[in-house]
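Have a look at the structure below, then the notes.
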Amino acid sequence: MRKGFFLSLIFLILFTSGCWDRKEIDELAIVGATGFDKVTVNGRHMYRAISYVYKPAEMGGGAEGGNGKTLAPFWVVSELGETLSDAEKNISARSSRFVFLAHSDMVIVGERLAREDGVDKVMDLLLRHKDLRMRNLLYIAEGETLRVFERGLPQFESTLSQELAGISEKSLPIVSKTYVPDVKEFVYSLLATGRDPVAGKLEVFPTPEELSSPVGNEEPQSFVRPTGAAVFRESKLAGWLTDTETRGFLYVINKAQVGIIPLKLPNSPQENFSFQMTKAKTKIIPSVKNDNISITLEVKAEGNVGTMEDSVSLAKPEDIKKLEALVAAEIKQLIKNTVDKTQNMEADVFGFGEAVHRKYPKVWKNIEEEWRNIYSDLQVEVKVETKIRGTGMISNPITVESR
Amino acid sequence: MLRNIFKKLKKLADRERPYTKGEHLVENIPLSTNLARNIQHLKEIFQDCSDVVFREYAIGGSKPVKAAIFYVDGLVNTSLLSDAALNPLMVDSQWVNEFGKVNSRNAYKIVKDRLLTIGEIIETNQVNELADHIMTGTTALLLDGSEQALILNTRNWESRAVEEPETEAVVRGPRDGFTENIRVNTAHIRRRIRTSRLKSEVMKIGTLTKTDVFILYIKDIVDNKVVEEVRTRLSRIDTDSILESGYIEEFIEDEPFTPFAQMNVTERPDKVAAGLLEGQVAIMVDNTPFVLMVPYTFPQFLSSPEDHYNRYPWATFVRLLRIVALIIAMLGPSVYVAITSYHQEMIPTSLLISIASSREGIPFPAFVEAILMEVTFEILREAGVRLPRPIGPAISFVGALVIGEAAVTAKLVSPIMVVVVGLTAIASFTIPSLEGAIAVRLIRFPIIFLAGALGLFGIMVALLAILIHLCALRSFGVPFLSPLAPLSPRDLKDSFVRFPWWAMFTRPHMTGSKEPVRQGFSQKPQTPPPRKNGNQKGGGKDA
């Protein structure tokens with residue numbers, strides 16, 4: 001009898017305390033991307049949070065709309081708030097369903113917020129929030145984030161966040177021109193000593209200026225694409241890297257994968273040879289001599305002949321050797337350019353400081369405070385060794401003999 | 001307060017309880033030498049039994065001796081009766097010299113030794129025993145002037161032909177199944193195991209039904225303690241009727257409060273034979289094709305006799321497949337409910353969106369939806385069993401389709417729920433053990449409740465509870481989870497995987513340890529050395 005009493009108590013526990021955090025899937029507003037901006041409203045600085053919410057009913061798979069008209073499969077909702085968290089919570093007040101951030105693919109931060117306040121606030125929110133995952137990609141929007149969401153129309157997928165997630169996943173390993181870290185990587189570089197973080201960059205194209213002269217009567221459309229990267233000095237945005245500069249950056253941080261490097265052969269007015277990158281490995285070797293710190297970058301790059309648009313023979317090993325030297329010089333130039341630019345920004349995105357810290361911890365203790373100054377005129381020597389492994393399916397270029 | 005309510009309820013229940021079992025003890029009367037008195041006794045016993053046939057006749061020539069037979073019409077082979085018992089007594093007895101001198105004093109001996117041309121006879125001098133025997137289909141022969149009566153085995157009743165068992169169909173393997181006739185059933189086993197070491201002990205259980213219950217085992221393979229345990233548990237049963245082996249199962253199982261059966265139930269003779277050879281004990285009950293096998297362990301839960309006939313790679317694959325199916329059958333709807341209502345972050349985004357779009361406009365929470373569909377499915381399944389055979393399957397499948405389809409179009413349930421429930425239903429039918437499938441189907445519901453209340457945590461709680469329960473279960477003293485817990489590695493060869501026959505040398509440790517080795521070692525087939533071309537010419541090299 002006592003047994004029965006306790007059993008009934010257990011059942012009471014189940015049906016009184018259970019279910020308290022139960023949320024049905026159709027009660028969720030599934031957020032695909034999250035954005036933050038800094039705005040000035042009536043002279044006051046406020047923050048804006050933006051959620052890009054999926055509308056499953058419009059995304060196919062479900063029953064077809066009875067009335068025949070197709071609605072956009074997403075909903076962009078933004079709210080203002082005194083703090084980032086306040087703004088983010090205010091979105092819930094606008095939504096008929098629970099705002100569910102666990103499926104967010106990316107976080108987009110506006111340029112002004114990143115430049116003036118720094119992204120450390122955003123990172124604090126992201127890491128503290130129970131739903132947001134560290135796997136979110138981190139983008140810095142050129143201009144305002146809201147514009148990205150409102151103007152950026154998806155072209156292939158049905159929603160922008162899916163499209164951007166797909167592009168981001170593929171652009172790095174296949175093109176090697178952009179760099180997009182996830183929140184975890186970004187926070188790691190943000191907190192590491194002797195390293196400054198880099199985030200992805202989003203731009204809306206065509207720009208408003210280009211759009212101001214519409215062609216014909218067509219409604220102007222604009223789209224979003226990731227380009228280059230955003231460079232930070234500590235937590236604040238310091239500047240942008242272009243696509244080619246980003247490639248130099250990728251070479252140094254060992255992330256350069258597959259991509260095409262166009263080259264000019266000697267005595268050619270324009271690029272007529274392309275090197276197909278396959279593999280690259282870089283060693284960062286710091287050295288301290290008489291208080292003089294310098295960095296040596298040893299790059300080993302491998303690749304194939306992508307195209308040869310000139311009638312240069314590729315049959316002999318000597319021919320290949322010549323090309324290899326050419327490619328090595330080009331890669332060296334790429335890296336040099338990037339290093340110069342970041343030295344001007346005083347942003348040690350490569351983690352040279354970290355390398356020094358690892359190899360000469362005692363030296364680092366003394367120079368840690370003034371590392372930024374040291375970095376900006378640091379001696380960086382680049383040594384590139386290139387190997388052309390193959391010429392593709394054919395060896396010699398196609399030559400059409402004129403008769 | 002709750003305690004008081006319980007007390008009152010108990011009192012109420014107690015008030016109804018005290019009645020005693022009806023005892024109809026018939027006085028034990030010995031037979032007398034006076035035939036008329038004996039006939040009178042038996043007639044009193046069989047009063048109003050219209051199927052009991054009584055016939056009086058005379059034996060011998062000049063001074064005939066009176067005789068009488070009793071039998072139950074329909075249970076005896078009448079042509080055998082007339083050929084073997086009536087004809088020689090009434091006709092042949094006149095022509096033999098010796099029988100001329102037949103009188104009431106020597107009649108019994110002459111009839112028994114010289115005249116009855118029938119195989120099995122039993123002698124008795126008790127009226128009650130005689131009456132009991134008549135009820136089993138024998139014929140009672142009473143002679144004037146004798147205190148002994150002869151019981152002639154003329155049993156022969158109509159029984160169903162041997163058919164393929166419907167509950168345990170196989171693709172490869174024998175197609176015969178047990179019938180309701182226990183003699184046919186024991187013959188099935190004897191035909192498979194032709195050794196005198198196969199013993200079958202008989203017991204009569206049920207004060208009214210007096211059902212024959214056979215205990216089958218192979219001597220010196222079986223663990224004697226298990227046989228002794230079966231005997232004592234069976235003899236402890238005190239009931240008026242045993243109509244099916246299910247009656248016995250519930251009287252003799254180790255743990256009554258559990259959804260899991262602790263006895264294997266089968267109507268396949270090959271399965272019983274295989275079990276006996278592994279040291280199990282079979283309990284056969286008259287009037288049912290379902291035979292009980294003990295001890296029952298978890299590997300049998302997932303094994304079909306076919307696994308031993310098919311090639312071992314395939315058998316292994318199928319067994320692993322059944323484990324997957326078991327997990328789906330047990331956890332399918334509950335995992336769906338738990339994940340969709342508590343752990344949406346676990347679903348890949350695109351799947352989440354497609355679930356969300358299919359759930360758009362569904363009025364019920366996933367938990368209610370799951371219960372609704374599961375109950376509907378069980379109703380359809382039950383209806384399919386009850387419906388008249390020809391329309392049964394058609395109605396149940398069409399019903400399932402129509403109800404599933406219509407429910408989705410009416411936006412009562414989401415299409416994904418129909419998929420989950422359908423998959424679960426199909427998976428639950430892959431469990432070969434009849435009782436096992438029932439248990440799995442039953443425990444699915446509490447797990448759905450726990451999943452609906454506590455999410456995946458609830459499922460883990462349920463799984464742990466089931467695991468602890470299974471660890472505690474025993475079947476006639478043998479742990480249910482053996483050979484997993486306690487572990488006996490050698491027996492794992494025939495559990496979740498099946499090793500080839502030539503690699504399984506031993507019987508299961510728990511049941512067959514008395515004679516563990518069942519076959520010779522190193523019987524792995526060997527390829528003969530390659531034949532040389534010149535062999536044919538030079539022939540007779542070995543000779």
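Residue numbers start from 1 in every chain, and the chains themselves are labelled A, B, ... in the order their sequence lines are given, proteins ahead of strands.
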Honestly, the part of Pro415(B) sitting under 4.5 Å from a heavy atom of chain A is neither

Applying a strict 4.5 Å limit to non-hydrogen atoms, the region of Leu450(B) in contact with chain A is side chain

Those residues at least two apart in sequence (or on a different chain) that pass side-chain hydrogen bond (donor to acceptor under 3.5 Å, both in side chains) with Ser350(B) are none

Taking all non-hydrogen atoms of both residues into account, name the closest pair between [X] and [Y] and its distance.
{"X": "Arg22(A)", "Y": "Gly452(B)", "answer": "CD-O, 4.1 Å"}
{"X": "Glu24(A)", "Y": "Ala366(B)", "answer": "OE1-N, 3.0 Å"}
{"X": "Arg133(A)", "Y": "Met346(B)", "answer": "NH2-N, 4.4 Å"}

Honestly, the part of Leu101(A) sitting under 4.5 Å from a heavy atom of chain B is neither

Bottom line for Glu27(A): the part with an atom under 4.5 Å from chain B's heavy atoms is neither

Neighbour count >12 (heavy atoms, 6.0 Å) for atom CZ, Phe457(B)
no

Q. Does atom CD of Glu405(B) have more than 12 heavy-atom neighbours, drawn from other residues, nucleotides or ligands, at distances under 6.0 Å?
A. no

### Message
Between the side chains of Lys23(A) and Glu345(B), is the shortest nitrogen-to-carboxylate-oxygen separation below 4.0 Å, so that they form an ion pair?
### Response
no

Quiz prompt | Side chains of Leu352(B) and Tyr54(A) in contact at under 4.5 Å (non-hydrogen atoms) | solution = no

dist Leu351(B):CG -> Ile25(A):CD1 (nearest 0.5 Å) comes out at 8.0 Å

Residue set satisfying side-chain contact (heavy atoms from CB on, under 4.5 Å) with Glu378(B), at least two apart, ordered chain then number -> Arg381(B), Arg441(B), Arg444(B), Phe445(B)

**Request:** Return yes if some donor-acceptor pair links the side-chain N/O of His103(A) with the main-chain N/O of Ile353(B) below 3.5 Å, else return no.
**Result:** no

